[in-house]
A.B. asks: 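This structure is in structure tokens; I'll ask about it shortly.
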Number of protein chains: 2
Amino acid sequence: MANRTVTIQDVARYAGVSRTTVSDALNGTGRVSESTREAVTRAADELGYRPNTAAKSLRTSTTGTIGIHLPEAMTRIDYYLQIIFGALETAAIADVDVTLITSRRLGGNARPRVDGVIVIDPLSDDAIAQQLLDLDVPIVTLEQAPGQRPDGVVTADHEGALTELLEHLGERGARAPALLASPAVTDWGVRIQQRYREWCAGRGIPALITERPFGSAPASYAEALRDLFALRPDVDGVICGPAGSALVALDVLEDLDKQVGRDVLVAALVDSTSLVYTDPPITAIDLSPRAAGAACVEVLIDLVRGRRPRGGADVPLPIRVEYRASTAGDATSYR
Amino acid sequence: MANRTVTIQDVARYAGVSRTTVSDALNGTGRVSESTREAVTRAADELGYRPNTAAKSLRTSTTGTIGIHLPEAMTRIDYYLQIIFGALETAAIADVDVTLITSRRLGGNARPRVDGVIVIDPLSDDAIAQQLLDLDVPIVTLEQAPGQRPDGVVTADHEGALTELLEHLGERGARAPALLASPAVTDWGVRIQQRYREWCAGRGIPALITERPFGSAPASYAEALRDLFALRPDVDGVICGPAGSALVALDVLEDLDKQVGRDVLVAALVDSTSLVYTDPPITAIDLSPRAAGAACVEVLIDLVRGRRPRGGADVPLPIRVEYRASTAGDATSYR
DNA sequence: GTGAAAGCGCTAACAA
DNA sequence: TTGTTAGCGCTTTCAC
């Protein structure tokens, strides 16, 4: 009842047992009789005991915290926030804290205090990867890390989804679908471009890829698209990689007097709420970011606690194409 | 050079001084001669010494971590991610970790380990606020907390910005601007509705407010707008509060055959990148989320470290209206 | 200006 | 099944 913080010692005294027993009873470790455990639990409750995590940390050299690394360049997207919330939800259930790790934080004096790290869309840029490895804790990545072997990986079948999307565009009449690509500096970026090329090759049609660096201003995507249509007026499909570029595409196509969904089909590689209420709504691949975040945390927590993750350290993530009006096509003008 | 972790003891031995001296030298505490400090710093560098934060935590009962609480209901916005990155950047400079605290985390068994908490847009809903208060650490809020007295507050002049926006709409010809309001469950929501009413009262025009709960589906905003125009066909301005609702407004107005920027002026209360590349681009209030996040962290760190925050614990945040084509107006049809 | 000793609260060995 | 002992690495008196 006192103002002083309640320690394990207090609980021990109150319950008439030793500190070890309290520790064992509360953590489920060691061998404690059911009656003792109950008594201890009750004592802890009554005294309002809260374990001191710093002491526990010092003793066990664990922190009860995991880190999530986000590349700062590509901050402004729904997608990341969804991943984070998925991760938070799952972490909360395991009583684990989540701290966000930016490049700048790694560059600072102190190291973040984490038991493990999740890296979202790792870049092939090694500088940060190396610093993360120096943390010397398990690493789980969302998508494969180009130059690195993480302890766990969550991956989606992007090739499958893109193929489905391309087939769909073909069915709806697009004969020359172009790709406004995200740079091939993430595994995702590489795989998308590769699959797109393969698909084009398989059809005997030219691969039309235009690319801009990460974090480019939307105006730069507009320019890329205008250049594309100037060069290849026959383009009748655009698949947009970078966040926000699909909105830009709508704008550009309107300027060019092309009707989206009929003259030109438009799709995005990353779904977001802003694609649903455009005119027309834009077909996109739902990357299930919430589930992705959750899956990463599950694998990482297993790894941290020394368990083999259920289903192994390589987890497939289901994703799907959301079909909307921007790829409706028009039977009268095509085929 | 050994694999074993380097402790303060190792540094002390290597530098030929005591642990105390090393601690003082490295932390800038106590009285240490310049030469000793240099020698110690060099020794620490050479050995690759990294202070054990758990030990430090245990001893000082601080964590070197701050928490940011985000209401989960309103997750899907650019705005929050920007706040977070602003916070991370500033925290990194101070070698402070940032953990995200969700309602669920507070509901769990363990308490998050933080020295202080930032609450973004506190809801009048007390349940969470109370749990945060129980953490018994300094609290800084972005915007005033309805039922609570935080230790620090960062606030923007929303009344001023809204007034400016309303005046602008008036100048551009809008005589009956309506408000698609966010619920009055945050200080921001309350103040916006209040100012809007006052402004209307001052002009002797009716206040047209329509409101939907937080986290409503975009379709629900569409319905609200359609109802509004059915009831009041003379509405010639719409100010959109909820994230994404401005995009919906564009869609609805197109269906109603009203030209945005001329027949009806549209503006958003919260700017985001998706408002720039719509057709037309949408006028919005830039709430400077990055600066907001940074300001919150600065105040909180001062508070945590026992300093009086520079400029006091109440920090004004500059915000501004970004004028775009959606409120251009048309001299021929109005005035 | 510097060092020795004490102890933050906890858990892992080991002994009983 | 339970208790005793010994630290985890650090900072903080306090003595020199």
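Letters go in sequence order (proteins before strands), and every chain restarts at 1.
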A.B. asks: Between R37(A) (CZ) and dT1(D) (P), how many Å, whole number?
C.D. replies: 10 Å

A.B. asks: Under 4.0 Å: is that the gap between some side-chain N or O of T7(B) and OP1 or OP2 of dG9(D)?
C.D. replies: no

A.B. asks: Heavy-atom distance under 4.5 Å between the side chains of I120(B) and H69(B), does that happen here?
C.D. replies: no

A.B. asks: Does D24(A) reach a base, just sugar-phosphate, or nothing at all? Heavy atoms under 4.0 Å.
C.D. replies: nothing

A.B. asks: Hey, which of these two, G16(B) or V22(A), hits DNA chain C nearer its 5' end, going by closest nucleotide?
C.D. replies: G16(B)

A.B. asks: Using whole Å, what does the distance between atom P of nucleotide dC10(D) and atom CD of Q9(B) come to?
C.D. replies: 10 Å

A.B. asks: OP1 or OP2 of dG9(D) less than 4.0 angstrom from a side-chain nitrogen or oxygen of K56(B), does that happen here?
C.D. replies: no

A.B. asks: Tell me the interatomic distance from R13(A), atom CZ, to dT2(D), atom P, rounded to whole angstroms.
C.D. replies: 19 Å

A.B. asks: What is the separation between atom CG on N52(B) and atom P on dC10(C), rounded to the nearest whole Å?
C.D. replies: 17 Å

A.B. asks: Closer than 4.0 angstrom, basic N to acidic O: yes or no for D10(A) and R13(A)?
C.D. replies: yes

A.B. asks: T21(B) side chain N/O closer than 4.0 Å to the phosphate oxygens (OP1, OP2) of dG3(C)?
C.D. replies: yes

A.B. asks: Looking at dA12(C), I'd like to know if its phosphate oxygens (OP1 or OP2) sit under 4.0 Å from a side-chain N or O belonging to T20(A).
C.D. replies: no

A.B. asks: Can you find a heavy atom in the side chain of V22(A) that is under 4.5 Å from one in the side chain of V11(A)?
C.D. replies: yes

A.B. asks: Got a second to check how far L100(A)'s CG is from I118(A)'s CD1, nearest 0.5 Å?
C.D. replies: 10.5 Å

A.B. asks: What's T36(B) touching, base or sugar-phosphate or nothing? Going by heavy atoms closer than 4.0 Å.
C.D. replies: sugar-phosphate

A.B. asks: As a test of reading the structure: which of dA12(C), dT11(D), dT2(C) is closest to the side chain of R59(B), going by heavy atoms?
C.D. replies: dT11(D)

A.B. asks: Quick one: R113(A) CZ to dG9(D) P, roughly how many Å, whole number?
C.D. replies: 17 Å

A.B. asks: Walk me through whether S23(B) and T20(B) qualify under side-chain hydrogen bond (donor to acceptor under 3.5 Å, both in side chains).
C.D. replies: CA-CA 5 Å; S23(B) 175; T20(B) 313; over 6 Å; no

A.B. asks: Select one nucleotide: of dT1(D), dG9(D), dC10(C), the one nearest the side-chain heavy atoms of I8(A).
C.D. replies: dC10(C)

A.B. asks: Check the distance between dC8(D)'s C1' and L58(B)'s CG and give it to me in whole angstrom.
C.D. replies: 9 Å

A.B. asks: Does V17(B) or T29(A) map to a spot on DNA chain C nearer the 5' end, using the closest nucleotide for each?
C.D. replies: V17(B)

A.B. asks: Under 3.5 Å, is there any donor-acceptor pair linking the side chain of R19(A) to the base of dT4(D)?
C.D. replies: no

A.B. asks: In terms of side-chain geometry, is the basic nitrogen of D95(A) or R105(B) positioned less than 4.0 Å from the acidic oxygen of its partner?
C.D. replies: yes

A.B. asks: Expressed in angstrom and rounded to an integer, what is the separation of L26(B) atom CG from dC10(D) atom P?
C.D. replies: 10 Å

A.B. asks: Take atom CD of E34(B) and atom P of dG1(C), then tell me their distance rounded to the nearest Å.
C.D. replies: 11 Å

A.B. asks: Given dC10(D), is OP1 or OP2 found less than 4.0 Å from the side-chain N or O atoms of S57(B)?
C.D. replies: no

A.B. asks: Just compare dG1(C), dC8(D), dT11(D) and give me whichever is closest to any side-chain atom of T60(B).
C.D. replies: dT11(D)

